[in-house]
Amino acid sequence: MQLNLGLEDGGRSVPNAEFVPLDAAEVLGCLSRWQELGWLRLLDLEFARFLHRERPEADGRALLVAALTSHQLGRGHVCLDLDAALQRSQSILNLPPAEPTSSREGPPAADGASPVTLNDLLRGDSADVWDALARSGLVTHPEGAPAPLVREGGRVYLYRYWFYERQVARGIVERLRAATHDVTPEASLLRPWLDALFGPVRADGGPDWQRLACAVAARQRFSIVTGGPGTGKTTTVVRLLALLQALDFHAWTTETGSVAGWQPLRIRLAAPTGKAAARLGESIQGKVGELPLAALGGEALAGSIPTEVVTLHRLLGGRPHVRKRRYNADNLLPVDVLVVDEASMVSLEDMADLFAALPPHARLILVGDKDQLSSVEAGSVLSELCQRAVRGHYRPELAAWLGQATGQTLPPELADPEGWLLDQAVAMLRFSHRFDSTGGIGRLAQAVNEGDVPAVQALLSDAPEGLAHIEPERTDASLDAGLVVEGYGRYLALLKGGPASADPPEIDAWALKVLAAQRQFQVLCVVRNGPWGVSGLNASIARTLLARDLIPSVTGWYAGRPVMVTRNNPALRLTNGDIGVTLPYPADSGETVLRVAFADGNGAGVRWFAPNRLDAVETVFALTVHKSQGSEFDHACLVLPAQPTPVLTRELVYTGITRASRRFTLVNPGGTRMLELAVEQRIHRSSALGDLIGGLS
């Protein structure tokens, strides 16, 4: 299969002689009303207005398509699947929204008339819409200058995102095609090193997925290590990095006959958010010290595995108010191996920037859970690349090589003589160390992931150890007081107990215990607004704790208030997603003042801040599932909304469940049907990345 990185027809079509124009002013008026109702963003409306000013002769249908393409981008889609949208506008576009989005949503007009719908505007068939685009001058042609929109088959893109998608595809394909030439090591060379890293091959013959994943990634210039929570992704990657350093060291000493002059591979570790970077850094620090470096090459390898993890923004050199990164196609990253953790959260734009800045020889290793929520911004890169990971699809030549390199035989169900080139670079870890896959949490996560509604309902009905299911009355929009007090009472009791003394080390040790206890329980929400959303539950939980005399107030700054940073603050070294707790702190005057305690990067120390220095924080008795990604709690409580919403998806429920390590509680005020919708509804983001790479031989 040839990879087509250009346009097939540039959106050109044969003009329809019977084409009837649609008035642009009428369309802009309807779009303005939709924006007032909260159906569209102001950005979507202004984009259509801008195009109208630039091309006043453009048909109204073209302006409508442009606004809808921008609208879809705001919902996480890379493009507008126009053919599908014309057939199923509500399900594809969520227009009108399935839930209220604006307080102004009421009688849509003074006369009580309903707002004009998409179908009202698009009088005629889809051919008229495509014809309007072709006539508009707003669609680019492969041989012409860039234009605001790009047509590719039945999809419409904003030009910038069309370019991003092809940049990512090109970067992956170039590395996949290089894998079989100058990257793959001798299997006999890997075998003793893998035995040293992972121990002897298991006598029972069961697959050691971490060992297999390490071997798969070692022979690729581009690779993915995916797996659910607790499957050992970080452990695998640390050992993979040691293996890569050993291979490079062996190549140098074989060629030169000497250790002198060898320089370790330049390895960088990155994650999409500050919280994810901090968690990876904490995890790696302990694992690097366990590596059997003597068996891999001796003291020369000491210090060759980095433990510093940075955000992608910092890695690429993002600058305030400037689109171009410091590292780009004209100034490549000084790196030989790059690991990106929590890759499911990386947007298409960030991934494109990454590939642009990556030297051609550098290895890229993406790590993450393919079934978790995708990036808040447009794109679902990891999910698309891992769509065939469960069944492996490994070719016979790779299976044979893995057998020699690892001493293990791949399960026959993972073999496929017709496997894609991309399949050979994807390794999936399949055993969780966080929770027992046969226990309540593991079985529920699997049932949700497979969309098995009867199995989900049966598990929640039986409530095996570790699971609980609560169906409160919709009118009683508050969590059970016993659940709230049990969950948050532990850290608040420690807080009231105070430190052993007023000595700073004792105060820090006490604060660390409070922070650790606060992380044991967390309420997770699907939506931000409404009684069952973050805002409503934060207020009701605070009232419950106040009534039990566990906190002194429900407003302002008070002892016990947990807060999350909502914007990066480089000056304070706080990142979006960091969580701290407000504590009473002994001042030099002998009085007690409020200070907010945050664990430092490695979790061994505390940093204190006066509340007035924190200008971008919010209370987090409850937080969204999106914000919880990368976190782990002993007990996670997921609260579903009482009304349907497009954001309630299988991936979101799975992510919420897998934040729990010991206990999981589902609160479902919407009843049985809401649970069915949550499990059946999947995230589908319009994109062509899978088509561009998938099937490549």
Side-chain angles (χ1 to χ4, degrees), residues 4-28 30-31 40-41 43-75 77-87 89 92-93 95 118 121-170 348-349 352 378-379 685-689 691-692:
N4 178 12
L5 295 177
L7 290 171
E8 293 181 0
D9 61 11
R12 291 172 290 180
S13 61
V14 178
N16 178 4
E18 299 179 358
F19 178 79
V20 178
L22 179 60
D23 183 59
E26 179 185 355
V27 169
L28 291 174
C30 290
L31 293 177
L40 296 178
R41 301 174 301 170
L43 178 64
D44 308 328
L45 172 62
E46 290 300 333
F47 181 52
R49 287 173 172 169
F50 165 76
L51 295 182
H52 179 57
R53 290 193 298 271
E54 294 297 310
R55 292 286 179 128
E57 72 278 9
D59 185 77
R61 295 177 182 85
L63 301 180
L64 175 61
V65 169
L68 295 179
T69 303
S70 176
H71 165 72
Q72 288 296 80
L73 188 67
R75 299 179 62 233
H77 298 267
V78 174
C79 58
L80 167 67
D81 188 340
L82 184 55
D83 286 337
L86 292 172
Q87 297 172 13
S89 61
I92 299 296
L93 301 168
L95 291 175
L118 185 64
L121 284 177
L122 297 178
R123 295 182 287 270
D125 57 23
S126 61
D128 291 328
V129 180
W130 288 118
D131 200 357
L133 279 174
R135 295 168 181 264
S136 68
L138 301 175
V139 181
T140 192
H141 301 287
E143 67 277 7
L149 301 177
V150 175
R151 176 184 177 182
E152 179 104 31
R155 302 181 179 100
V156 180
Y157 292 79
L158 298 186
Y159 180 87
R160 187 153 59 102
Y161 282 84
W162 173 82
F163 178 80
Y164 290 155
E165 194 168 72
R166 270 123 200 95
Q167 184 156 296
V168 171
R170 184 180 294 111
L348 177 68
E349 180 176 359
R685 290 189 167 182
S686 298
S687 167
L689 184 62
D691 295 342
L692 288 169

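Hydrogens, waters and symmetry mates are skipped; everything else that's a heavy atom, side chains included, is used.
Considering all non-hydrogen atoms of both residues, Phe47 and Ser70 come closest at CD2-CB, 4.1 Å. Pairing each heavy atom of Ala67 with each of Leu31, the nearest pair is CB-CD1, 3.8 Å. Among all heavy-atom pairs drawn from Gln167 and Ala352, the shortest one is NE2-O, 2.7 Å. Heavy-atom minimum distance, Asp59 versus Ala132: OD2-CB, 3.6 Å. When all heavy atoms are compared, the tightest approach of Ala58 to Leu138 is CB-CD1, 4.2 Å.
For the atom pair Arg166 CZ and Leu689 CG, the distance stands at 9.0 Å (nearest 0.5 Å). The distance from the CG atom of Leu82 to the CZ atom of Arg155 is 12.0 Å, given to the nearest 0.5 Å. Annotation: the span from Leu63 atom CG to Glu26 atom CD amounts to 12.0 Å, rounded to 0.5 Å.
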**side-chain contact (heavy atoms from CB on, under 4.5 Å) evaluation trace for Leu28 with Arg49** = CA-CA 7 Å; Leu28 291 174; Arg49 287 173 172 169; 4.2 Å; yes
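Counting only heavy atoms from C-beta outward, the side chains of Leu40 and Leu45 never approach each other to under 4.5 Å. Inter-residue side-chain proximity for Asp128 and Leu22 is flagged as unmet; no heavy-atom pair is nearer than 4.5 Å. Side-chain atoms of Val65 and Trp130, non-hydrogen and from C-beta on, never get closer than 4.5 Å to each other.
For the side-chain contact (heavy atoms from CB on, under 4.5 Å) test, residues two or more places apart in sequence or in another chain that qualify with Leu73 are Leu158, Tyr161, Ala378.
Under the 3.5 Å distance criterion, with hydrogens and angles disregarded, a donor-acceptor pair is assigned to the side chains of Arg75 and Gln72.
His71 contributes no side-chain N or O that, together with a main-chain N or O of Asp44, makes up a donor-acceptor pair within less than 3.5 Å.
Tested against Tyr157, the residues Glu152, Glu165, Arg151 include a single side-chain hydrogen bond (donor to acceptor under 3.5 Å, both in side chains) partner, Glu165.
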